[in-house]
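A short worksheet on the structure shown next.
Naming: A, B, ... by sequence-line order, numbering from 1 per chain.
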Number of protein chains: 2
Amino acid sequence: MVAPSLRARVRAGMIEEIKAVARRHLATDGADLSLRAVARDLGMVSSAIYRYFPSRDDLLTALILEAYDALGDAVEAADAAADQDDLRGRWHAAGRAARTWALAHPAEYALLYGSPVPGYAAPDDTVAPAQRPPMTLLGILRDGVATGRLAAPGEDLPEPLRGDVADLVDQTGVALPPALMARGMAGWTQLFGLISFELFGRINRALPHRDEYFDHQIGLMADLIGLP
Amino acid sequence: MVAPSLRARVRAGMIEEIKAVARRHLATDGADLSLRAVARDLGMVSSAIYRYFPSRDDLLTALILEAYDALGDAVEAADAAADQDDLRGRWHAAGRAARTWALAHPAEYALLYGSPVPGYAAPDDTVAPAQRPPMTLLGILRDGVATGRLAAPGEDLPEPLRGDVADLVDQTGVALPPALMARGMAGWTQLFGLISFELFGRINRALPHRDEYFDHQIGLMADLIGLP
DNA sequence: CGCAGTCAAGAGCAGTGCTCTCGCTTTTGA
DNA sequence: TCAAAAGCGAGAGCACTGCTCTTGACTGCG
């Protein structure tokens, strides 16, 4: 491992600086990131940015990757910090962490989970980080099944759905009965919906106690899953 | 009632034509609607559009209103066409109708439920049409309670959430026990989340039988609500 | 030391939303 | 009936965008 050259180091620093300014612009001005504005903030001319990012989409992709990782870190850390035997506590902790992160970084959340930008297609690097939050939730269920605290739902899934979900179980590597996997996915879907509704301002005008509402709705899904 | 003048009629027709072309552009090119491109398609110059819509946002608002109404029509019609005593059938019919409409009009769905455009704030005219789909779902629950087919959940909501949801019940006019109201909202949240995940291409790469998956997940929420 | 690679700057292209002015046509009201 | 008013489309222009290409300066390696 050779030490990186000076030039490589200042280049890496420059990339970080561009991303930092871009993230700041994202937070203040919203999702329509202007490359020229970022360049202006850095005292550069817009074409200089292209030395570091081949296009605006590549800058966005870098920001998306970092955002996925930040969200994944938050959710995993919250889950890990909870009492590992308290499945319901872990479920709530993970959900709350996701919501807290989203409320603190609304523009980045919108970048991750909002409507896809027309011309933009997320590269494959993003799928693994994107799966960290749902995988964390499914991990709670996995632990529950493994320790006997969580039982599979009474009925199994009907075909052909059972086969699909069984394949999904194989791909994700989280050993779960298909019917339970489906309920876990419903929980993840609910979490996403709750956060999106709150962030995009749909119903919560009339709900002053948003924390309590969120906790209760997440708790409903814990009931559906059967978390003790 | 006087007959509208010729000029007023061609003006109304022009407005409709602009909206139609804009809707077509939305469907093909995605959410970043270009006023100039719409004008080009109409053989006009871009400034002429401003005779009919004061700004691009106003055009978008008009499209949003129509989209909300189209979705509301679809959901309400599906609910009305079902056997009114079959609560579960109505639930599934309404959910399927929303999904079918969304899959047929992805760009318009993204306009309604995607990330909000930074500078854009939805005017008040949009809130009533926007509430039609969730109100339809809640109406199914209301009918269930009214006819004794649907019972309230065992426990009530804890304060202060109970008061919030009770206020929401009052505002919407759908007489429901707060705890049941919360579950109905969870169902609506799940429906939105399911459609968004499928449309924005998150998990369903691995689920070939999407219809069956959707039906099952919607059915899970019917279970949670307690629909017979 | 010299040269290849890296860098920022500037000009420029095609596109955007939007404003304003200029003629032309239709509608309106005395 | 006829002039004033209002509506309309075209065009020019402004400030902005992402992006490309060229130019000249600088740096660090062989």
Query - Partner residues of A/D170 under the salt bridge (Lys or Arg N to Asp or Glu O under 4.0 Å) criterion, sequence neighbours left out - result: none

Query raised in the report: Quick one: is D/dT17 close enough that its OP1 or OP2 comes under 4.0 Å of any side-chain N or O from A/R40?
Result: yes

Query raised in the report: In chain order, what residues pass the side chain to side chain donor-acceptor pair (under 3.5 Å) check against A/E16, with sequence neighbours excluded?
Result: A/K19

**Report entry** Check: B/L224 main-chain N/O paired with B/R183 side-chain donor or acceptor under 3.5 Å
**Finding:** yes

Report task. Kindly say whether A/I18 contributes a backbone atom to a donor-acceptor pair with the side chain of A/R23 at under 3.5 angstrom? Result -> no

Query raised in the report: At under 4.0 Å between heavy atoms, what does A/S46 touch on the DNA or RNA strands: base, sugar-phosphate, or nothing?
Result: base

Query raised in the report: In whole angstroms, how far is the C1' atom of C/dT16 from the CG atom of B/L35?
Result: 10 Å

Query raised in the report: Are B/L138 and B/R142 close enough that some pair of their side-chain heavy atoms sits under 4.5 Å apart?
Result: no

Requested in this report: Assign A/L42 to base, sugar-phosphate, or nothing according to its heavy-atom contacts below 4.0 angstrom with the strands shown.
Outcome: nothing

Side chains of residues 90-110 of chain B: which donor-acceptor partners sit under 3.5 Å, not counting sequence neighbours?
unit_1, atom_1, unit_2, atom_2, d
B/R90, NE, B/D79, OD1, 2.7
B/R90, NH1, B/Q84, O, 3.1
B/R90, NH1, B/D143, OD2, 3.0
B/R90, NH2, B/D79, OD2, 3.3
B/R90, NH2, B/Q84, OE1, 3.4
B/R90, NH2, B/D143, OD2, 3.0
B/W91, NE1, B/I218, O, 3.2
B/H92, ND1, B/R88, O, 3.3
B/H92, NE2, B/D215, O, 3.3
B/R96, NE, B/D215, OD1, 2.9
B/R96, NE, B/D215, OD2, 3.2
B/R96, NH2, B/D215, OD2, 3.2
B/R99, NE, B/E198, OE1, 2.8
B/R99, NH1, B/D211, OD1, 2.9
B/R99, NH2, B/E198, OE2, 3.0
B/R99, NH2, B/D211, OD1, 2.9
B/T100, OG1, B/R96, O, 2.8
B/W101, NE1, B/H105, ND1, 3.4
B/H105, ND1, B/W101, O, 3.0
B/Y109, OH, B/F192, O, 3.4
B/Y109, OH, B/S196, OG, 3.0

Please table the atom pairs, donor to acceptor, closer than 3.5 Å between any side-chain atom in residues 35-53 of chain A and protein atoms at least two apart or in another chain.
unit_1, atom_1, unit_2, atom_2, d
A/D41, OD2, A/R24, NH2, 2.7

**Report entry** Helix axis bend for the helix from C/dC1-D/dG30 to C/dA30-D/dT1 - C1'-based end axes, five pairs, 10° rounding
**Finding:** 10°

Query - Rounded interatomic separation in angstrom, taking CZ from A/R36 and P from C/dT16 - result: 16 Å

Requested in this report: Would you mind reading off the distance between B/R56 atom CZ and C/dT16 atom P, rounded to a whole angstrom?
Outcome: 11 Å

Query raised in the report: Using a cut-off of 4.0 Å between protein heavy atoms and nucleotide atoms, how would you tag nucleotides 3-8 of chain C 5' to 3' with B, S and -?
Result: --BSBB

Query - Atom pair distance, as rounded to whole Å: OH in B/Y50 and P in D/dG11 - result: 17 Å

Query - Atom-pair distance (CD1 on B/I18; P on D/dG9), nearest Å - result: 8 Å

**Report entry** Residues B/D58 and B/T61: side-chain donor-acceptor under 3.5 angstrom
**Finding:** no

Query raised in the report: In whole angstrom, what separates B/H25's NE2 from C/dG17's P?
Result: 11 Å

Report task. Report the distance from atom CG of A/D32 to atom C1' of C/dG17, rounded to the nearest whole Å. Result -> 13 Å

**Report entry** A/T136 backbone acceptor or donor facing A/E76 side chain under 3.5 Å
**Finding:** no

